[in-house]
Each structure stands twice: as C-alpha cells, then as structure tokens.
Amino acid sequence: MADVRTEEKDLVIIGGGVAGYVAAIKAGQEGLKVTCIEKRGSLGGTCLNVGCIPSKSLLENSRIYHQINHDVKNRGIDVGDVKLNLPQMMKAKETSVSGLTKGIEFLFKKNGVEYIKGAGRFEDQNTVAVDLNDGGSTAVRGKNILIATGSEVTPFPGLEIDETKVVSSNGAIALKEVPKKMLVIGGGIIGLEMGSVWSRLGAEVTIVEFLGAIGGPGMDAEVAKNIQKTLGKQGMKFMLNTKVMSGDPSGQGVKLEVEAAKGGKAQTLEADVVLVAIGRRPYTQGLGLDKIGLETDSKGRIVIDSEYRTKIPHIRVIGDCTFGPMLAHKAEEEGVAAVEYLTKNYGHVNYNAIPAVMYTHPEVAWVGQNEQELKEQGVKYKVGTFPFTANSRAKTNLDTDGMVKFLADAETDRILGVHIVGPNAGEMIAEGTLALEYGASTEDVGRTSHAHPTLSEAFKEAAMATYSKAIHF
C-alpha cells in the first residue's frame, strides 16, 4: 500500500474538473484543509481542457472566418485573399486553455488547496490511494470525501473512436485539416456546435439524428425548427428520423449504413471524418467503489440524497457522475452547495433554473420548461414571442435570425420558461434565469426598462407579448 500522509484532511476531492476545483476553492475559502486529486495533469476537467472552452474558441474564430468570406460585403467591407490558417487557429485555442488552467492552479495556491496529480481510488471509506502521474504512489486520508470524476464520451457500438477518422468531441477540436465531408452521429448540442465549426471552415457537414428534431430533449420544438432552418441556410444538411446501423472505417474514409428510424431501405453514407456525438456517460472507472460498498444506477450514476451524500454520509458526489444535466455551471453550483452543506448545514441549487446554451450562430439558449413538457403535464400556459427582425439593434447589426419566446402560467402570469434563438442568446438568457429564480411574472419583465437600442429589448417585448401586446411587432 502507498505511504499514507500523516495529516488527515478536512476534505479530499477526487477530480479537478469544474465541480471538483470549484468545491476545492470554496472549501479553502471556508478555512478547510483540502486536497484535490486530478489525473489529467491539468485542472478544469473536460470543460476547460477538451470541451466548453476550446470549442468556444474554435466557434468564435470560425464564425469570424465565415463572416469575412460570406457577410462583410453587405457591410461595406471589401476583403481579398482570405486564407484559413488552421494551425494558428488551433494555437489560439490552446493558448486560451493553458491560460485558464494555470489560473485555477494559482487560485488553489491562493486558497491553500493541495493539488495532487494522479489517479485516486478508495482504499477504505476514509483513505484515497493515488497513483502519481510522475511515478510512485501516496495516499490521503479525509474526514470528508467528495467524488467529482465527471463524464466521458458515450461510444457508438461497433464503431471504434480513433480520434483521426472516427472522432469524439475531443478529436473534433483537434483535426489537422478540414475534411471535405463530415458526418455527425447525433444532432444534440455538441454535434451541432462542432458541425458548425467545420462547416464554416469548408467541410460538407451532414447531421444524422435518430429523433425527429435536433437540439436534444430540453430544446423547445419551435426553437429547434427555427435553428435547423437557419443552419440549413448556412450549408449544414440534416437526416432526421435516421438510425445508424453500422460503420466501417477500414477504407480511406468512413462508411455508415443508415436506415429510417422506424425501419426502411438501407443507405450508405461516406465521409472523410465521422463525429460520434450521441452524448456522455458518468465516469467512475478505477475509483474502487465496490471496495467501499457504493453502487451505480442503470445509467452509471452514483446515487445520492438531496445533500449530495451517498449511503456513506461523509462521502458526497457532485457533477456529471451523478444525477442532473451534464453542464459545467450546474457542476459549479453543486461544488459550492456541497461545501456549504459541509460547513454550514445548508446549501442551494435550483434545478428548475439551470440555463442551457448552444453556441452555434445564431445561439440558442433556454431556461425552465418548454412547450412539450407543459403539454405533457397538462399545464395551462400562455406564449409570447418577438422576432429579432423587429429589433432595432439586430437590424443595424444585420443579424436578425431568431426570436425570444416566453412561456407563462395562464392564470398567474408567472414565468415557466424562456427560449431564445438569436444573436447573443447565451448572454441574454441570464436575465431569464434571474427572472425564473425570483419567481417573476412576464409583466415584471415587460415593465422593466431595457436600454435602447439593445438586443435585450427583444426580451422585454416578448414578455409584453405574453401578458399584453408587443409595441414594435
């Protein structure tokens, strides 16, 4: 067994992703003696290293490239000899990532958090053994232990990911050249974002989705149709209600055998690169959960109570490896709440007010419930919408695709959900989240002054359209 450190920590955290590192910083601020164990070798987890952050760098820079090629003439800007420098674009992405990971290490030192680079596993209910990245091993004892090991890409059965021809999101942010043809298995947020990047850079991208709509279960059906139409105008192709039966990467490219989801004639699709984007699954491999008697449910999640405790009360779990949406900001909130339960006996995360954002262009963002959910629950509701075509700032920006949509209780006018497809939707949804958190009505929003001319006026007008009538439409 590894040498056990003599000092028992107040809190040992396994995992230095968003959930784990936020919890570590918060615990340090509260005066706890904290150790955070992370095997990647850099903090920030999937989000910072191979997910949210690098993908947003590529999304922004590919958008600029695409805009220069297709849009600036209308703005009175003549540009010639535009060339893609993919290595430099990738370098800009890596610079963003490295700066942020080093920033977290600085915050660890600032708040007295011990950082161990290695893979942790349970020796017993209070001891975590660590196989160090630099060789050798150690072990840390903790009065409390927090599991925050995150998630991993869900593989597609029978199609091995090599991160060259068959890629996950990890490989999709690191391709060495722009593929002529790319097939994306899965029309959720990750597939649409990464498909957008390579479509803008010149690839012919086709989204193959089993369901009849893109965006995933949280996206409002009306919004999903709206963004699909816009992405289609940008050049992306969609095959909905389509099931991938098998894949063959043995040739120069990759072949996919597909058929209609409800059964039908088989069809062969070919591409240079196939992106597997069918979701993510909890990652608990190598933790030694069986050694301490902890089990996972049918989806691989570690079971917890409302205060993030497992059946072993001093062992808590947060983030992607337990219940709830696999979102970085949800994990952050849980990191703070778990430490508050530990130090103050109370904590708070409102799971009904967790926003979601898809960073295509235009962006899609939502919070609360969508129309499908309200119909299923038999809730009587009102709808108010306002298009960006009627918003003065969007018009002057020549960026008018999309709309803002409010859903409110038919009797009380209390906001039940906000859905936005349009420019800056990811920033604007913060107002919707705050309104939902405070239990606001659409009239509360509609009677609040919004600066002119701003995109946020569309938010105000959509609220007005829900309880009364919009002014400018």
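Bear in mind that the values here come from a model prediction, so they are computed numbers and not experimental data.
A donor-acceptor contact closer than 3.5 angstrom is absent between the side chains of Tyr351 and Glu333. For the residue pair His361/Gln67, the side-chain donor-acceptor check at 3.5 Å is not satisfied.
Of all heavy-atom pairs spanning Ser199 and Met236, the tightest one is OG-CG, 3.7 Å. For the pair Ile14 and Ile145, the tightest heavy-atom approach, listed with the atom from each and the gap, is CD1-CG2, 4.2 Å. Taking both residues in full, the closest heavy atoms of Ala277 and Val184 are given as CB-CG1, 4.4 Å, listed atom of the first, atom of the second, then distance. Ser196 and Leu231 make their closest contact through OG-CD2, 4.1 Å (heavy atoms, listed as atom of the first residue, atom of the second, distance). Shortest non-hydrogen contact noted between Leu275 and Ser169 is CD1-N, 3.8 Å. Of all non-hydrogen atoms in Asn49 and Ser42, the two that sit nearest each other are OD1-OG, 2.6 Å.
Although no hydrogens or angles enter the test, the distance criterion places a donor-acceptor pair under 3.5 Å between the side chain of Lys165 and the main chain of Gly251. Although no hydrogens or angles enter the test, the distance criterion places a donor-acceptor pair under 3.5 Å between the side chain of Arg280 and the main chain of Ser151. Under a 3.5 Å cut-off, the side chain of Glu371 and the backbone N or O of Ala221 do not form any donor-acceptor pair. Looking at Ser62, its side chain does come within 3.5 Å of a backbone N or O of Leu59 through a donor-acceptor pair. Looking at His329, its side chain does come within 3.5 Å of a backbone N or O of Pro355 through a donor-acceptor pair. Judged by distance alone, the side chain of Thr242 and the main-chain N or O of Val208 form no donor-acceptor pair under 3.5 Å. Of the possible donor and acceptor atoms, one in the side chain of Asn391 sits under 3.5 Å from a partner among the backbone N and O of Thr454. The main-chain N or O of Thr284 is never found under 3.5 Å from a side-chain atom of Thr149 such that the two would form a donor-acceptor pair. Looking only at distances, no side-chain donor or acceptor of Lys237 sits under 3.5 Å from a matching main-chain atom of Glu204. In this structure, Asp162 contributes its side chain and Thr164 its backbone to a donor-acceptor pair below 3.5 Å.
When the options Phe386, Trp366, Phe459 are evaluated for a ring pair (Phe, Tyr, Trp, His ring centres under 6.0 Å) with Phe406, the one that passes is Phe459.
When the shell of 6.0 Å around CD of Glu259 is examined, it contains more than 12 heavy atoms from other residues, nucleotides or ligands. For Arg393, the CZ atom sits in a loose shell: 12 or fewer heavy atoms of surrounding residues, nucleotides or ligands are nearer than 6.0 Å. Remark: Asn85 CG is packed, more than 12 non-hydrogen atoms of other residues, nucleotides or ligands lying under 6.0 Å away. With a 6.0 Å radius and a threshold of 12 heavy atoms from other residues, nucleotides or ligands, Gln88 has its CD atom above the threshold. By the neighbour-count criterion of 12 heavy atoms within 6.0 Å, atom CD of Glu437 is densely surrounded, having more than that number from other residues, nucleotides or ligands. No more than 12 heavy-atom neighbours from other residues, nucleotides or ligands sit within 6.0 angstrom of NE2 on His472. Counted within 6.0 Å of CD on Gln285, heavy atoms from surrounding residues, nucleotides or ligands total 12 or fewer; the atom is thus considered open. The 12-atom threshold is not exceeded at CZ of Phe473, counting heavy atoms of other residues, nucleotides or ligands nearer than 6.0 Å.
In this structure, Glu105 does not pair ionically with Lys109, as no charged nitrogen and carboxylate oxygen lie closer than 4.0 Å. Between Lys229 and Asp401 no salt bridge is recorded (no basic side-chain N to carboxylate O distance below 4.0 Å). Look at Glu152 and Arg281 and you find a salt bridge, because one of the NZ, NE, NH1 or NH2 atoms lies within 4.0 Å of a carboxylate O, short of that distance.
For the atom pair CE of Met428 and CG of Asn424, the computed distance is 6.0 Å after rounding to the nearest 0.5 Å. Interatomic distance, Glu114 CD to Ile13 CD1, rounded to the nearest 0.5 Å: 11.5 Å. For the atom pair CD (Glu38) and NZ (Lys117), the distance works out to 10.0 Å, reported to the nearest 0.5 Å. Atom CD1 of residue Ile25 and atom CD1 of residue Ile104 lie 6.5 Å apart, to the nearest 0.5 angstrom. In this structure, His450 NE2 and Glu461 CD are separated by 10.0 Å, a value rounded to the nearest 0.5 Å. The CD1 atom of Ile420 sits 10.5 Å away from atom CE of Met403, with the distance rounded to the nearest 0.5 Å.
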What verdict does the side chain to side chain contact (heavy atoms under 4.5 Å, CB included) test give for Met90 and Ile173, after you've listed the backbone C-alpha separation in whole Å, the side-chain angles of each residue and the deciding distance to 0.1 Å?
CA-CA 8 Å; Met90 292 296 174; Ile173 62 166; 5.9 Å; no
Could you give me the CA-CA distance, side-chain angles and deciding distance for Ile190 and Val153, then say whether side chain to side chain contact (heavy atoms under 4.5 Å, CB included) is met?
CA-CA 11 Å; Ile190 294 173; Val153 170; over 6 Å; no
Between Glu60 and Lys56, does a salt bridge (Lys or Arg N to Asp or Glu O under 4.0 Å) hold up when you go through it step by step?
CA-CA 6 Å; Glu60 177 63 9; Lys56 300 313 161 289; over 6 Å; no
For Leu43 and Phe108, run side chain to side chain contact (heavy atoms under 4.5 Å, CB included): C-alpha distance rounded to whole Å, both residues' side-chain angles, the deciding distance at 0.1 Å, then the answer.
CA-CA 10 Å; Leu43 296 165; Phe108 270 21; 3.7 Å; yes
Evaluate side chain to side chain contact (heavy atoms under 4.5 Å, CB included) for Ile278 paired with Val244, printing each intermediate quantity in order.
CA-CA 11 Å; Ile278 58 173; Val244 178; over 6 Å; no
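Between Asp399 and Phe388, every side-chain heavy-atom pair lies at or beyond the 4.5 Å cut-off. Within the 4.5 Å cutoff, the side chain of Val383 has heavy atoms near those of the Lys405 side chain. At a threshold of 4.5 Å between non-hydrogen side-chain atoms, the residues Cys321 and Ile147 count as touching. Within the 4.5 Å cutoff, side-chain heavy atoms of Gln228 are placed close to those of Leu240. No side-chain heavy atom of Glu363 sits less than 4.5 Å from a side-chain heavy atom of Ile429. The shortest side-chain heavy-atom distance between Gln29 and Val339 does not fall under the 4.5 Å cut-off. Using a 4.5 Å heavy-atom threshold, the side chains of Leu146 and Ile318 count as touching. Taking the side chain as every heavy atom from C-beta outward, Pro362 and Thr230 approach each other to under 4.5 Å.
With Phe323 as the aromatic partner, Lys330 meets the cation-pi criteria of under 6.0 angstrom to the ring centre and within 45 degrees of the ring axis.
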